[in-house]
Amino acid sequence: MPKVSVEDLKPGMKLAKPLSRGNMVLLGEGTVLNETWIARIGDMGIEAIFVEGPSEQPVPKEEAIRQLDERFRNVLSQPYMNRIKKMVKEHIEGLYV
Amino acid sequence: MSDKIDIRTLRGNVESINALPTVPSTLRRISVMMEKPSIGLDELGRLISNDPALTVRILKMINSAAYGFPGRISSVSHATMLLGLSVIKGLLIGVSVFELMEKTMIGLWEHSLGCTVVTRMIAQKKGLKEPEEVSVCGLLHDIGKAVLMLQYAEAYDKAMQKAEKDGINIHEAEIDYFMVNHAEVGHWLVQKWHFPMNLVETIRYHHHPNLSKQSPMETAIVHVADVLVRAKGVGYPGDLVVPAVHPAAWEMLNLSDNDIGDILRNLEDAASFARETI
């Protein structure tokens, strides 16, 4: 779920989270953006919003996993660290689907 | 070792941070004010309101995902009423110290914001009454690193290089250069600034949560948050390897797979927020 700045919003993108001000929901989750909505969002001074779809990742998946292995290299024999690593690995892999 | 810094001198220097020429005037004013044993919310509110840049930064923090009042708080007086004295004090120190540090230790701000988000999430999941107070502990847990870096840039650089080269954690490498680690240094400072006991203890024992007597739960939360943020690789805490989690602290929190997945997803937002606030 990438956070996209207002200048980069395009018609057809779908809101991944409801857009709200205070307690009032302005646009519901799943709203498909059109030119008008995008202009209004800009007018409200909102800087960026979450849209559906995979986020752009700074490094390729193999590199992200290699860095993860590096980070955990000292502690894999310690209690609970395997479980933590496994969960982070699953999370990282989920970012590339 | 002769090039080590004597602890008493170190403590003296850390505690007289106001006298440093490199300390920006905002931070100096905040630090002087915090040294007073009693300080009122209105006095703090005035200090923030009189500084437009500080006002913007504080409101941005409070309205971010890290504090969970997105888009709702538009004035300093509203913020002080809602969050209370110790949270506002912590935020003030947090934004003024870490923005300064971002220039010299890239990624410490991102690491600290990540810990702010995770401590608050765990505190909420565990039903603690004041999750915002715990999240301030997350924000400030590494303040000792910022201060050591500010006063002993060269020695601290060497400690970071040693940590990277030897594949150890920064709190271990620090001992070689300062005889104490950043947790001890940070606790001197927040004690001097009259922060509440739970904050003092979480900072002092975030690498040894078993030693906390007054706030074992809060300290365990900060410790586990630190490990999870490092595990995810958010920011740069001064080294490249994840330390082992303290088993008793992990067991005390007893997080489910769902909890951890939830935390990791929220960390994605924290990382992008950190980049926006600089």
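The sequence lines fix the lettering, A, B, ..., with proteins before strands; numbering per chain opens at 1.
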At what distance, to the nearest 0.5 angstrom, does [atom1] of [X] lie from [atom2] of [Y]?
X      : Y      : atom1 : atom2 : result
A:K86  : B:D257 : NZ    : CG    : 6.5 Å
A:E90  : B:L264 : CD    : CG    : 10.0 Å
B:I168 : A:N74  : CD1   : CG    : 9.5 Å
A:I92  : B:K232 : CD1   : NZ    : 6.0 Å
B:R230 : A:I84  : CZ    : CD1   : 12.5 Å

Closest heavy-atom pair, B:I260 versus A:R83, reported as atoms and distance to 0.1 Å, is CD1-NH2, 3.8 Å

Between A:Q78 and B:A244 the two heavy atoms that sit nearest each other are CG-CB, 3.6 Å

Evaluate B:V241 against A:R71 for side-chain contact (heavy atoms from CB on, under 4.5 Å), listing each step before the verdict. CA-CA 4 Å; B:V241 287; A:R71 288 199 294 278; 5.8 Å; no

Most heavy-atom pairs under 4.5 Å with chain A, out of B:A231, B:G167, B:S74, belong to B:A231

- Query: Would B:L240 and A:E70 count as a side-chain contact (heavy atoms from CB on, under 4.5 Å) if you check the C-alpha gap in whole Å, the side-chain angles of each, and the deciding distance to 0.1 Å?
  - Reply: CA-CA 8 Å; B:L240 301 171; A:E70 278 280 295; over 6 Å; no

Within a 6.0 Å radius of atom NZ on B:K126, are there more than 12 heavy atoms belonging to other residues, nucleotides or ligands? yes

For this session: Tell me, yes or no, whether the heavy-atom count around A:R40 atom CZ, taken from other residues, nucleotides or ligands under 6.0 Å, exceeds 12.
Result: no

Okay, A:M81 and chain B: the region with an atom under 4.5 Å from a heavy atom over there is side chain

So, the part of A:L76 with a heavy atom under 4.5 Å from chain B: the answer is neither

When the 4.5 angstrom heavy-atom criterion is applied to B:L255 and chain A, the contacting part is backbone

Would B:L267 and A:H91 count as a side-chain contact (heavy atoms from CB on, under 4.5 Å) if you check the C-alpha gap in whole Å, the side-chain angles of each, and the deciding distance to 0.1 Å? CA-CA 11 Å; B:L267 260 177; A:H91 171 79; over 6 Å; no

